[in-house]
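Encoded as C-alpha cells, the structure appears first; notes follow it.
All chains are named by letter (A, B, ...) in the order of the sequence lines, taking the proteins before the strands, and each is independently numbered beginning at 1.
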There are 2 protein chains.
Amino acid sequence: MSKEKTDQLNRSIIEFYDRLSAWENNVVRNKDYSLAQIHTLEVLGTYGSLRMKELAEKLGITTGTLTVQVDKLAKAELVERIPHESDRRSFLIKLTETGHQLYLEHDALHLKLTEKISQSLTETEAQTLVSCLKKMNADF
Amino acid sequence: MSKEKTDQLNRSIIEFYDRLSAWENNVVRNKDYSLAQIHTLEVLGTYGSLRMKELAEKLGITTGTLTVQVDKLAKAELVERIPHESDRRSFLIKLTETGHQLYLEHDALHLKLTEKISQSLTETEAQTLVSCLKKMNADF
DNA sequence: CTCTTTATTTTGACAATCAAACAAACTACC
DNA sequence: GGTAGTTTGTTTGATTGTCAAAATAAAGAG
C-alpha cells in the first residue's frame, strides 16, 4: 500500500478511536460505575472469564492496578474470583449474573451507536468493513 | 442491515477499540508523559488549535479536568494558551514547536501500528475501509 | 531439593477525574 | 444602553485510577 494511503488510513483510525473514546467517557459519566469498571466488564463479557494477567493485558493496565479494581467489582458482586483448576496461583475472573446483566446493558448502548454510525454504509461496505476489522484484530 | 450483521460489526468494533486502547496504554507507560497528556497532544495535532470547551469535548472530559491538564502541558511548554481574537473569555490551545514534535513522534508509532495491522488487507479492502471509517466518523 | 520463573497482592505516592461553585465575558431583549 | 440569562473557563475538595517496587506463594527446571 502506498505511503499516502497508509497515512490516510492511519488518520481515519485515530479519528475513529478518538470519537469512540470520547463517547465511552460520556456514556459512563454520572453512572454508578466508572469507565475503568465498565471497561473491565466489557472485556470479560467479550472474551469470557480470564485470569488476572490476561485480563490486565487486555485492559492495558498492570496486575497491581487490576487487583484493586477486581476487589471493588467483587465487593459490588459484579464479578467473582474462581480458583483456577490446575494452577493454584491463579483465578478466573468471571462475571456474576448481575455483572453480566450490566454488561448487556452497556453493550446495548454500543449496539445503538453501531447502528447509528453504520447507517450510511451499503451492505457490501459493511461486509468488507467487518472482514477488515477481523483481519486487523488478528494482526494486532 | 440485518440484526445479526450489525451485531457482528458491533463485536468487531468493540474488539478493535479494546486492542487499540490497550496498545495506547502500553505505548505510553514508562514514558515521560501520561496517556491523558499524549492524548491531548494527539487531538490538538489532529484537529489543530481548539478552545478549551472544544478540546474537552473531543477528549470526553470536563473543562475543569482539562484546565489542570493544560496547566501541566503549558508548564512543560508543550502547549500554549493564545487569547481568542473575538471572545475574551476564551483561549486557543495550540501546540508549541516542542509539543508538535512530540505529537509527530507519537504519530509515527501509530503509523507503524497501522502498517502492521493493515498488512493483510488488499488494496481494494483498504480503500473501502477508509471510506467506511470516514462515513462513520461523520455520523458519530 | 534448590533455584528460577510466574501469578497475584500489597503498599505508598502521585495523577486524573468529577461535580459544584465561581468569575468574567457574551447575548438578547426590552 | 441596562439587565437577565447563558457560556466559557477556573478553582476546589473528594474520589478513583494508576504505577513501580517489594512481598508472597505456587509452579517448573535441573
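- One can place NZ of B:Lys53 at 14 Å from P of D:dT10, the figure rounded to the nearest angstrom.
- Distance check: B:Asp7 CG to A:Thr114 OG1 gives 9.0 Å after rounding to the nearest 0.5 Å.
- Separating the CZ atom of B:Arg51 from the P atom of C:dA24 is a distance of 19 Å, rounded to the nearest angstrom.
- With salt bridges taken as basic N to acidic carboxylate O contacts below 4.0 Å, one links A:Arg11 and B:Asp107.
- Near DNA chain D, meaning a heavy atom under 4.0 Å away, the residues from residues 60-82 of chain B are B:Thr63, B:Gly64, B:Thr67, B:Arg81.
- Taking only distance into account, the side chain of A:Arg89 meets the base of C:dT6 through a donor-acceptor pair shorter than 3.5 Å.
- For the pair A:Glu15 and B:Lys134, the salt-bridge criterion is not met [side-chain N within less than 4.0 Å of a carboxylate O].
- Taking the six-membered ring for Trp, A:Tyr103 and A:His100 have ring centres closer than 6.0 Å.
- Ring orientation note: the planes of A:Phe16 and B:Phe140 are nearly perpendicular, at an angle over 60° on the 30°/60° scale.
- Atom CD of A:Gln119 has more than 12 neighbouring heavy atoms from other residues, nucleotides or ligands inside a 6.0 Å radius.
- Rounded to an integer number of Å, the gap from B:Leu59 CG to C:dA16 P is 12 Å.
- Distance B:Phe91 CZ to C:dA25 C1': 12 Å, rounded to the nearest Å.
- Regarding A:Glu57, its CD atom lies at a distance of 14 Å from the C1' atom of C:dT8, rounded to whole Å.
- Distances shorter than 4.0 Å separate none of the side-chain N or O atoms of B:Arg88 from OP1 or OP2 on C:dA24.
- Regarding B:Glu54, its CD atom lies at a distance of 9 Å from the P atom of D:dT8, rounded to whole Å.
- B:Met52 and B:Leu95 fall within a single hydrophobic cluster, where Ile, Leu, Val, Met, Phe, Trp and Tyr are joined by side-chain heavy atoms under 4.5 Å apart, directly or via other members.
- Atoms CG (B:Leu55) and C1' (D:dG9) sit 12 Å apart, rounded to a whole Å.
- For A:Arg19 and B:Asp139, the salt-bridge test fails: no basic side-chain N is under 4.0 Å from an acidic carboxylate O.
- Here C:dC26 presents its P atom at 13 Å from CD of B:Glu85, a figure rounded to the nearest Å.
- Judged by distance alone, the side chain of A:Gln37 and the main-chain N or O of A:Ser34 form a donor-acceptor pair under 3.5 Å.
- Taking every heavy atom of residues 16-43 of chain B and every atom of DNA chain D, pairs under 4.0 Å involve B:Arg29, B:Asn30, by number.
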